S.K.: 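Sharing a structure with you now.
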Amino acid sequence: MAFWRTAAGLNAAAVRHIANMVRAARARQRARFEDREARGMALLREWLSPQQLRQLEAHNYFEVTGCNSGTRYRIQYGVSTNVVELDADGRPRMGWCFIPEGNLVAGDVMLAQKIALESNERDALAIAKQFVVPPRRPDFPHCAGGALH
Amino acid sequence: MATHIIMDHSGDTRHHFDVRDLKALADAERRFKALTGAGFTAATRQANGDISLVRSFDPAAEETVFYPRLVGG
C-alpha cells in the first residue's frame, strides 16, 4: 500500500510539474507575440502622418489617398481583409485584400499597405482580391474570395 | 547614421550604418540589392514625411523600409 501511495504522489507531482512547464511555455509564447506586435505598431506609428496617427489612436484605422486615382482608402487594424475603399461621402464601397508575404504582424502589414497605396496604387490593386463590405458592418468585412483583378 | 528596416516575423530587423564608412556603405548596398532582388519593396521617408519607393540604393536616404512582395489575400 505504501508503495502505491508513493507512486501516486510522484505521479501527481509529475503532472503538476508538466502543467507548470506548459503554462510557462505559453506565457513565453504570448510575451514573444506581444513584443512582435508592439514592434510592428511602433514602426507603423513612426511612418504615419500626424493626421493618420490621430485617426489610428482614435479609431484603430487610418485613411490614405491612392497615388494614381485619388481614391480614399481606410486601412483598419488587422492582417487581412482590412483595406476598404471609400466613396465620395466616406462610406465603404468595397474591400481590397492584399498583404505582404510571410507571417507579419498587423503594424507591418498596415504599413506595407499604406506605402503601396500611396506610392504604387495601381500595382497593389492589380494583385489584390476584392471583397464585399456589408454596409452595416464595415468594421467586420466579409471576404468573398474570388478572382485576381 | 542611416538605417535599413526590414519587416520580418520578429516585427522588424534594423541595420544601422555610417554612410562615411565605405565598407558599411558597400554592405548596405549589397543588402539593398539582395532584398530587392528577392522581391522586397524599398521605400524611403523624406524629412517632410513624404514616402517614396526607391528602385536603386540611395546612400543619402536616412531611413529605408523593406517589405516583402505583396500578394492577393
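Remember, it's a predicted structure, so these values are computed and weren't measured experimentally. Lettering of chains follows the sequences in order, A, B, ..., and the numbering in each one begins at 1. These values consider heavy atoms only, across backbone and side chains, with no hydrogens, waters or symmetry-generated copies.
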S.K.: Do B:S10 and A:R36 have side-chain atoms, one donor and one acceptor, less than 3.5 Å apart?
M.R.: no
S.K.: Looking only at non-hydrogen atoms, find the nearest pair between A:W47 and B:A43 and report the distance.
M.R.: CH2-O, 3.6 Å
S.K.: A:M94 and A:V133: which non-hydrogen atoms are nearest, and at how many Å?
M.R.: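 Smallest interatomic distance, heavy atoms only, reads C-CG2, 3.7 Å.
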S.K.: Assess whether a salt bridge exists between B:K23 and B:D27, defined as any Lys/Arg side-chain N lying under 4.0 Å from an Asp/Glu carboxylate O.
M.R.: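 Looking at B:D27 together with B:K23, the answer is yes, because their closest N to O distance falls below 4.0 Å.
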S.K.: So which heavy atom on B:F17 is nearest to which on B:A24, and how close?
M.R.: CB-CB, 4.0 Å
S.K.: Identify the residues of residues 103-114 of chain A whose heavy atoms come closer than 4.5 Å to a heavy atom of chain B, ordered by number, or report 'none'.
M.R.: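 Hits under 4.5 Å: A:N103, A:L104, A:V105, A:D108, A:L111, A:A112, A:K114.
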S.K.: If I measure from the heavy atoms of chain B, does A:E46 come under 4.5 Å with its side chain, its backbone, both, or neither?
M.R.: both
S.K.: If you count heavy-atom pairs under 4.5 Å between each of A:A124, A:G40, A:S119 and chain B, which one has the most?
M.R.: A:S119
S.K.: What is the ring orientation for B:F32 with B:H4, classed by angle as parallel under 30°, tilted 30 to 60°, or perpendicular over 60°?
M.R.: tilted
S.K.: For B:D8, is it the side chain, the backbone, both, or neither that has a heavy atom closer than 4.5 Å to a heavy atom of chain A?
M.R.: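 Just the backbone, heavy atoms under 4.5 Å.
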S.K.: So which of A:I99, A:L48, A:D123, A:N120 has the largest heavy-atom pair count under 4.5 angstrom toward chain B?
M.R.: A:I99
S.K.: Short question: side chain of B:E63, backbone of B:R45 - any donor-acceptor pair under 3.5 Å?
M.R.: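 Not at all, since once roles are kept as given, no pair shorter than 3.5 Å links the two residues.
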S.K.: Has the side chain of B:E29 got a donor or acceptor atom that lies under 3.5 Å from a matching backbone atom of B:F57?
M.R.: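 Here the side-chain-to-backbone pair does not exist.
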